[in-house]
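Heads up: the structure comes next, in structure tokens.
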Protein chains: 4
Amino acid sequence: MSPREPVEARPHTGRRRNPAVRRAVLDCAADLLAGPDGMAVSIDAIARAAGVSKHTIYRWWPSKGAVLLEAMIERAQQEVTIPDTGALATDLEAFLADTFRAVEQVAHLLRGLMAEALRDTAAAEGMREFIAARRDELRGLLVRGLARGELPAETDLELTMDQIYGLMWYRLLIVRSPLTTETAVHLSRTVARPGTPP
Amino acid sequence: MSPREPVEARPHTGRRRNPAVRRAVLDCAADLLAGPDGMAVSIDAIARAAGVSKHTIYRWWPSKGAVLLEAMIERAQQEVTIPDTGALATDLEAFLADTFRAVEQVAHLLRGLMAEALRDTAAAEGMREFIAARRDELRGLLVRGLARGELPAETDLELTMDQIYGLMWYRLLIVRSPLTTETAVHLSRTVARPGTPP
Amino acid sequence: MSPREPVEARPHTGRRRNPAVRRAVLDCAADLLAGPDGMAVSIDAIARAAGVSKHTIYRWWPSKGAVLLEAMIERAQQEVTIPDTGALATDLEAFLADTFRAVEQVAHLLRGLMAEALRDTAAAEGMREFIAARRDELRGLLVRGLARGELPAETDLELTMDQIYGLMWYRLLIVRSPLTTETAVHLSRTVARPGTPP
Amino acid sequence: MSPREPVEARPHTGRRRNPAVRRAVLDCAADLLAGPDGMAVSIDAIARAAGVSKHTIYRWWPSKGAVLLEAMIERAQQEVTIPDTGALATDLEAFLADTFRAVEQVAHLLRGLMAEALRDTAAAEGMREFIAARRDELRGLLVRGLARGELPAETDLELTMDQIYGLMWYRLLIVRSPLTTETAVHLSRTVARPGTPP
DNA sequence: TGTTAAACGAGACGGTACGTCTAGTCTTGCG
DNA sequence: CGCAAGACTAGACGTACCGTCTCGTTTAACA
């Protein structure tokens with residue numbers, strides 16, 4: 001990611017919220033987090049980088065965490081498609097590969113967001129909501145697989161998901177090892193043993 | 001945890017490092033984190049609570065993260081014994097139950113430590129070291145099980161461990177659901193399927 | 001002064017300046033200054049109280065100081081009559097009593113205006129003009145008295161006026177003691193010693 | 001007044017308040033007020049100029065007004081001596097000349113302080129205290145003159161002082177005409193008519 | 001009768017200051 | 001020397017106000 005030019009030439013929009021401002025803030029927040037001193041980005045720094053008044057940031061976002069959350073969501077928006085081919089093993093593999101790819105791209109953001117969420121309750125809540133939504137997608141996938149008998153009947157879905165997302169966050173936040181397509185393959189196999197019958 | 005009396009009556013030890021100071025700092029740090037406004041404890045607050053000079057803290061620890069790390073280690077020291085009965089399923093179950101119990105007791109500390117580690121590289125490094133040590137214990141357990149054929153030969157141990165510790169941290173940091181003995185039982189079963197042969 | 005209703009029902013006047021707007025702004029500015037947190041009234045507060053857009057205020061007045069100045073002038077307009085009975089002592093007394101009465105009524109405004117004038121050169125200039133006009137009235141009075149020999153021939157008129165208006169502002173801004181009719185009487189006597197000959 | 005070097009090389013004093021810091025703050029505050037954009041000096045600007053943390057300023061002074069007040073007091077400290085030769089006319093003249101000279105030197109400070117006092121009640125209170133002390137000095141002088149019969153027996157001392165100090169502040173804040181030794185002479189004559197008998 | 005020009009409300013925006021907070025460094029003086 | 005006390009710098013936090021801007025609506029004046 002290039003160092004992003006000083007934002008300029010952003011015509012006023014009068015009494016309407018200026019979308020360019022929103023863009024600039026979210027982009028700069030994301031970029032700064034990805035930057036060299038990434039961890040710990042200040043609102044002042046974002047405001048300065050985006051050529052935006054601090055006041056404007058606080059007008060639209062209640063806290064730093066909220067800015068990072070929205071920046072992350074926007075960047076992660078690149079559609080993790082939810083496959084449904086009828087075979088859990090392949091669906092899960094595709095879903096995870098896709099998810100991991102998306103997550104790796106916003107790894108910096110996610111770390112910064114987490115740092116915020118660990119101090120700011122509101123940020124934590126927002127993050128949990130986002131996570132819950134994503135979790136629902138995976139649950140749907142697994143439920144279908146379970147219904148088709150592609151998972152042991154006694155499988156504890158929540159536990160399974162905790163293992164999957166747990167591994168993801170663990171690598172992201174703590175050990176910082178990469179989340180590759182290969183990881184997705186291996187992981188989906190431990191969950192949906194491929195030989196499991198129809 | 002009771003609100004811990006104001007530390008007092010700590011006689012000088014002259015030119016020797018005063019162990020009581022170390023104790024007071026670590027204890028107060030841990031207690032404050034567990035307290036009502038837990039997240040985000042300041043060095044000033046710790047110093048005040050411990051009746052200790054900030055300077056003294058910085059003489060012995062390089063940063064806030066280091067204090068929290070050591071506090072956590074001390075508290076977690078309550079010996080997670082590493083069982084070796086010859087049966088992976090039961091050993092793993094015992095180990096995880098023990099680990100989860102210990103972790104739940106220092107959950108606040110771990111969250112505070114993580115918040116620090118996400119900003120302070122040094123703290124992160126210290127934490128990773130501690131985590132690696134703990135991981136080695138689990139690896140030993142699994143390796144023995146693998147050697148006895150209690151795990152599928154093709155099992156990727158690192159991935160398995162990422163799943164286990166991932167789940168643990170995921171619940172700790174993000175979803176904040178409890179890590180019970182039951183969790184340990186279920187989890188160890190998904191890893192070492194009890195019926196798996198010798 | 002009653003808390004002044006929320007301004008409402010002010011029909012548009014199209015491309016003509018709306019006199020009701022001017023009224024509302026000046027009245028609200030004056031009232032807010034007289035209010036409990038009087039010192040330091042913001043344009044936003046005036047706009048809100050007057051139910052007027054900030055833009056409208058800045059269309060008609062160049063700065064906050066200008067608004068306060070005009071508000072003060074309007075309120076002070078209650079005609080300080082310039083007596084000319086032929087006797088300086090009584091004329092001066094009447095003039096001062098009248099002036100003091102008027103000034104006491106806009107004391108809040110004058111303090112607020114002064115606060116502004118001490119920061120904003122333009123406001124200061126406007127205020128000086130107003131003051132100079134009022135000063136001219138007093139000068140006329142004194143000049144006539146001097147011509148009639150009711151003042152010592154060597155009297156320095158400017159110094160005398162500085163003493164009179166100085167006392168007034170001094171009490172207004174600094175010691176905040178009241179400017180009563182009695183003050184006017186005493187003051188006019190020290191200036192135009194009543195026994196002074198014809 | 002020269003632009004005052006960037007303050008530097010100010011050795012720590014440990015747990016003792018650093019007098020050099022106090023000096024730097026007061027000096028820079030005074031200098032900035034005297035500077036080209038004199039009116040409206042910010043705490044940030046003072047801190048920057050003095051090479052001092054804002055926090056340090058707020059540790060020792062409760063508000064901007066308090067800083068300006070102390071800066072003014074320090075600068076005005078250049079001992080207005082209180083003469084007592086036994087002749088009111090000459091004593092008063094000397095006192096006023098001295099006072100006016102001192103006041104002219106801190107005119108900028110006094111204006112800035114007044115601007116603050118008109119918004120900040122606490123600053124106003126502090127200023128009033130200082131003014132009252134100075135007023136007491138003058139009162140002593142006049143009381144002695146009155147006792148010696150150098151003033152008309154019916155003279156209202158407070159009114160007289162209001163006229164004197166009123167003129168001073170009026171010129172300082174409003175008309176901005178200079179307070180010269182000549183002013184002192186004229187003024188003292190209107191108060192203590194030189195020919196007034198023993 | 002339409003068209004245009006200005007007044008107006010709403011309120012976003014950049015800039016700048018406020019006063020508070022924390023991390024981490026430093027010095028004094030006691031024991 | 002170890003330590004308590006606490007001053008100090010750096011810089012982030014979130015709030016407030018100023019004066020400028022643009023939008024969309026409303027009416028009066030002009031074509």
Side-chain angles (χ1 to χ4, degrees), chain A residues 10-18 20-21 40-45 47-48 50-60 62-64, chain B residues 10-18 20-21 40-45 47-48 50-65 116 119-120, chain C residues 10-18 20-21 40-45 47-48 50-64 119-120, chain D residues 10-18 20-22 40-45 47 51-64:
Chain A
R10 192 174 45 221
H12 268 222
T13 58
R15 67 175 291 187
R16 290 247 166 279
R17 176 171 183 182
N18 191 339
V21 163
V41 166
S42 73
I43 287 278
D44 283 81
R48 214 175 311 123
V52 147
S53 164
K54 248 199 316 176
H55 189 42
T56 300
I57 297 184
Y58 282 108
R59 192 199 318 276
W60 299 113
S63 69
K64 191 163 60 163
Chain B
R10 192 175 45 227
H12 267 227
T13 57
R15 56 180 297 180
R16 287 245 169 282
R17 173 171 185 183
N18 190 340
V21 163
V41 166
S42 73
I43 285 280
D44 283 81
R48 210 176 314 122
V52 147
S53 164
K54 263 206 300 179
H55 190 41
T56 303
I57 296 184
Y58 281 105
R59 192 200 315 278
W60 301 112
W61 292 274
S63 70
K64 188 166 70 159
E116 210 51 40
R119 300 180 195 256
D120 173 8
Chain C
R10 192 173 47 222
H12 264 228
T13 57
R15 60 182 292 183
R16 285 249 166 277
R17 174 170 186 183
N18 190 340
V21 163
V41 166
S42 73
I43 286 280
D44 285 79
R48 210 174 315 122
V52 147
S53 164
K54 261 204 306 178
H55 189 41
T56 302
I57 295 183
Y58 281 107
R59 190 197 318 278
W60 300 112
W61 292 274
S63 69
K64 188 163 69 160
R119 301 181 193 257
D120 172 8
Chain D
R10 190 173 48 219
H12 267 223
T13 57
R15 65 176 291 186
R16 291 248 164 280
R17 174 170 185 182
N18 191 339
V21 162
R22 186 170 163 281
V41 166
S42 74
I43 287 278
D44 284 81
V52 147
S53 164
K54 254 202 310 176
H55 190 41
T56 300
I57 296 184
Y58 281 108
R59 191 200 315 280
W60 299 112
W61 293 276
S63 68
K64 190 164 65 162

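Quantities reported herein were computed from a predicted structural model and do not represent experimental measurements.
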TODO: Mind checking side chain to side chain donor-acceptor pair (under 3.5 Å) for C:Asp120 and listing every partner two or more places apart, or none if nothing turns up?
DONE: C:Ser63

Task: side chain to side chain donor-acceptor pair (under 3.5 Å) involving D:Arg22 - partner list, sequence neighbours excluded - done: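 D:Glu70, D:Glu74.
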
Review item, side-chain donor-acceptor pairs of residues 51-59 of chain A, under 3.5 Å, at least two apart:
{"from": "A:Ser53", "atom 1": "OG", "to": "A:His55", "atom 2": "N", "distance (Å)": "3.1"}

Find the distance [X]:[atom1] to [N]:[atom2] and express it as a whole number of Å.
{"X": "B:Arg48", "N": "F:dC3", "atom1": "CZ", "atom2": "P", "value": "20 Å"}
{"X": "D:Ile43", "N": "F:dA16", "atom1": "CD1", "atom2": "C1'", "value": "16 Å"}
{"X": "B:Arg119", "N": "F:dA12", "atom1": "CZ", "atom2": "C1'", "value": "11 Å"}
{"X": "D:Lys64", "N": "F:dA16", "atom1": "NZ", "atom2": "C1'", "value": "14 Å"}
{"X": "B:Ile57", "N": "F:dG2", "atom1": "CD1", "atom2": "P", "value": "16 Å"}
{"X": "C:Trp61", "N": "F:dC18", "atom1": "CH2", "atom2": "C1'", "value": "17 Å"}

Task: A:Arg16: partners by side chain to side chain contact (heavy atoms under 4.5 Å, CB included), with sequence neighbours left out - done: A:Thr13

- [ ] Can you see which heavy atom on A:Ala50 is nearest to which on A:Arg10, and at what distance?
- [x] O-NH1, 3.1 Å

TODO: Nearest-nucleotide wise, let me know which of B:Ser63 and D:Ser63 is further upstream toward the 5' end of DNA chain E.
DONE: D:Ser63

TODO: Summarise protein proximity over nucleotides 5-11 of chain E in one line of letters, 5' to 3': B for base, S for sugar-phosphate only, - for none, counting protein heavy atoms closer than 4.0 Å.
DONE: BBSBBBB

Open item on the list: Taking 4.0 Å as the cut-off, does a side-chain nitrogen or oxygen of C:Tyr58 come that near to OP1 or OP2 on F:dT20?
Closed with: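 It does not, given that no N or O in the side chain of C:Tyr58 lies less than 4.0 Å from OP1 or OP2 of F:dT20.
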
